[in-house]
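Here is the structure we will look at.
First the proteins, then the strands, lettered A, B, ... as listed; each starts at 1.
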2 protein chains.
Amino acid sequence: MSLQTLLNSHHDISHIKSSCATCSLRELCLPVGLNEEEIRVLGDIASHKRKISRSGYLYRAGSKFQSLFAIRSGFFKTCILEQDGRQQVTGFHMTGELLGLDAISTEMHTCDAVALEDSEVCEIPFAKLEEISRTIPSLMHHFHKIMSREIVRDHGVMLLLGSMKAEERLATFLLNLSRRFVMRGYSEYNFNLRMTREEIGSYLGLKLETVSRAFSKLQDENIITIDNKHVQINDIVRLKIKMGNSTCIT
Amino acid sequence: MSLQTLLNSHHDISHIKSSCATCSLRELCLPVGLNEEEIRVLGDIASHKRKISRSGYLYRAGSKFQSLFAIRSGFFKTCILEQDGRQQVTGFHMTGELLGLDAISTEMHTCDAVALEDSEVCEIPFAKLEEISRTIPSLMHHFHKIMSREIVRDHGVMLLLGSMKAEERLATFLLNLSRRFVMRGYSEYNFNLRMTREEIGSYLGLKLETVSRAFSKLQDENIITIDNKHVQINDIVRLKIKMGNSTCIT
DNA sequence: AAATAGCTTTGACTCAGATCAATCGAAGCA
DNA sequence: TGCTTCGATTGATCTGAGTCAAAGCTATTT
């Protein structure tokens with residue numbers, strides 16, 4: 001595989017406390033392409049904020065779909081509980097991203113959304129959104145675009161995982177996270193992982209031991225560096241990898 | 001695993017020539033929830049039909065997104081060509097389904113669409129659709145719903161594959177196909193596979209030999225029966241399986 | 001009718017990742 | 001402070017799927 005070491009220097013990262021600071025609604029919406037007028041309108045209907053503490057549920061599978069959530073700060077996972085009790089992680093969601101899209105075609109949430117750290121979201125009641133979209137149709141159009149982009153991004157990655165080995169899967173996962181941090185204005189080289197090895201494994205279709213081994217291997221190969229190894233779900237990863245021909249990562 | 005034999009009888013399937021007959025636009029749209037007025041309007045802009053013969057391209061990755069396509073008859077695969085020349089199948093699409101959604105967030109097709117048998121599609125120019133949606137907003141709304149439903153359906157399946165063994169993946173795949181045939185009004189027990197073992201494998205993240213072995217195993221276990229084994233991409237599968245607690249298949 | 005090409009099946013071998021198990025570090029708590 | 005719990009790491013072993021190879025069937029071509 002074409003993973004290449006890009007940088008080898010160690011930066012001082014002692015100042016990094018959380019992966020994400022707090023996002024204003026404006027910051028959430030600008031990258032998405034909404035104009036000032038649309039943001040103003042959205043601000044009116046999305047004024048309600050909610051705090052979710054670590055391990056808390058934002059919504060549960062089966063509950064009625066009522067709102068989308070813009071993540072102002074924090075980190076979430078979405079997961080489904082299979083009949084045998086095992087849980088399957090279906091995605092990770094960071095500050096600045098939209099949550100709740102899983103329900104958009106079914107009127108019902110298809111998965112649980114769980115906070116991986118103390119988080120704050122901005123609630124966007126979907127009924128109001130639809131109502132206002134009658135006068136400003138472009139609003140709904142934007143949301144559908146965001147939705148499809150998010151789903152397609154994930155979908156594309158998942159499809160490619162099928163043909164990858166454990167190390168490549170992990171690299172893909174880290175690169176994906178990295179890019180999403182960059183989009184939100186954070187360093188692409190230093191960020192915190194808020195999820196456990198088991199959660200990563202569940203998402204990537206690997207066992208936690210395999211994920212751990214892959215981390216160790218990437219570190220041995222000097223591709224990543226991990227501080228605070230043994231901090232539970234809070235280790236800091238310095239990404240120093242890049243796909244040689246980065247066409248296969250979205 | 002909770003696969004259970006449901007039926008064991010052999011039906012006469014000699015009359016089954018193709019997996020699908022030809023669909024009218026009305027048939028395409030009704031299950032989707034469009035009303036008469038909307039179908040009439042859609043009919044006006046979607047009058048142009050195109051025939052694609054086996055192995056022909058409906059569109060290619062990188063080409064400009066201009067139209068959605070409703071499949072009137074036939075069977076397609078979508079696939080992406082990786083930089084190393086291998087091709088990755090990203091989906092299969094049957095009569096009555098909508099094709100071209102891969103491009104909806106990018107203005108550009110992200111994959112190739114190839115006919116697996118002689119097929120006919122109905123072209124829906126997206127610009128016209130958007131134009132008309134200004135007067136009938138519900139139309140676009142419907143399309144977004146269809147879109148998200150299709151994407152989510154696939155996405156859900158793919159996510160679950162990660163934790164499955166080869167046999168389970170194949171069973172999931174066959175059940176998925178089966179349900180889609182049912183939705184189009186065909187038997188859920190008898191249908192044709194238009195794709196090769198290699199294409200199935202690519203889609204499921206397996207090698208063709210593994211797919212073949214999984215087919216044999218399912219047959220040994222009396223879960224499926226295959227006629228015309230050696231017909232190239234045309235073998236007839238009699239599905240006799242059902243998940244015990246079918247919550248994990250979407 | 002024979003030859004060719006495409007796809008499938010099956011067997012033997014190998015290896016990546018799952019499984020089982022033990023240990024360790026960090027955080028929280030009595 | 002010591003105890004408990006949770007997560008991470010590492011080793012040993014097992015197994016399912018990939019790989020390589022040979023042979024089979026069907027359809028197509030000559």
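- Whole-Å rounding puts the Arg194(B) CZ to dG6(C) P distance at 20 Å.
- Atom CE of Met164(B) and atom C1' of dA18(C) are 17 Å apart (whole Å).
- A sub-4.0 Å separation between OP1 or OP2 of dT10(D) and a side-chain N or O of Ser216(A) is present.
- Taking the side chain of Ser212(A) as heavy atoms from C-beta on, and the options dA16(C), dA8(D), dT19(D), the nearest nucleotide is dA8(D).
- Closest to the Ala166(B) side chain, of the nucleotides dT19(C), dA8(D), dA17(D), is dA17(D).
- Looking at Glu167(A) and Lys217(A), a side-chain N of the basic residue comes within less than 4.0 Å of a carboxylate O on the acidic one, giving a salt bridge.
- If you check dT19(C), dT9(C), dG11(C) against the side chain of Lys207(A), the one that comes closest is dT19(C).
- In this structure, Leu208(A) atom CG and dT9(D) atom P are separated by 10 Å, rounded to whole Å.
- In this structure, Glu209(B) places its CD atom 12 Å from C1' of dC7(C), rounding to the nearest Å.
- Residue Phe215(A) contributes atom CZ, which lies 13 Å from atom C1' of dG7(D) at whole-angstrom precision.
- Ranking dG17(C), dC7(C), dT10(C) by closeness to the Thr210(A) side chain, first place goes to dG17(C).
- Classification of the Phe69(B)-Tyr59(B) ring pair by plane angle, with boundaries at 30° and 60°, yields parallel.
- Residue order along DNA chain D, read from the 5' end via each residue's closest nucleotide, puts Val211(A) first among Lys165(A) and Val211(A).
- The side chain of Arg213(A) lies closest to dT10(D) when the candidates are dA12(C), dG7(D), dT10(D).
- What separates CG of Leu193(B) from P of dT8(C) is a distance of 10 Å, to the nearest Å.
- What separates CD1 of Ile226(B) from P of dC7(C) is a distance of 17 Å, to the nearest Å.
- Thr78(B) places no side-chain N or O within donor-acceptor distance of the main-chain N or O of Cys111(B), the cut-off being under 3.5 Å.
- The CG atom of Asp220(A) sits 12 Å away from the C1' atom of dT9(D) (whole-angstrom rounding).
- When distances run from any side-chain atom of Arg197(A) to the nucleotides dA17(D), dA18(C), dA8(D), the shortest one goes to dA8(D).
- Inter-residue side-chain proximity for Ile52(A) and Asp118(A) is flagged as unmet; no heavy-atom pair is nearer than 4.5 Å.
- Using a 4.0 Å heavy-atom criterion, one finds that Gly201(A) contacts no nucleic acid atom at all.
- Arg169(A) contributes no side-chain N or O that forms a donor-acceptor pair with the base of dG17(C) under 3.5 Å.
- The distance from atom NE2 of His109(A) to atom CG of Asp102(A), rounded to the nearest 0.5 Å, is 6.0 Å.
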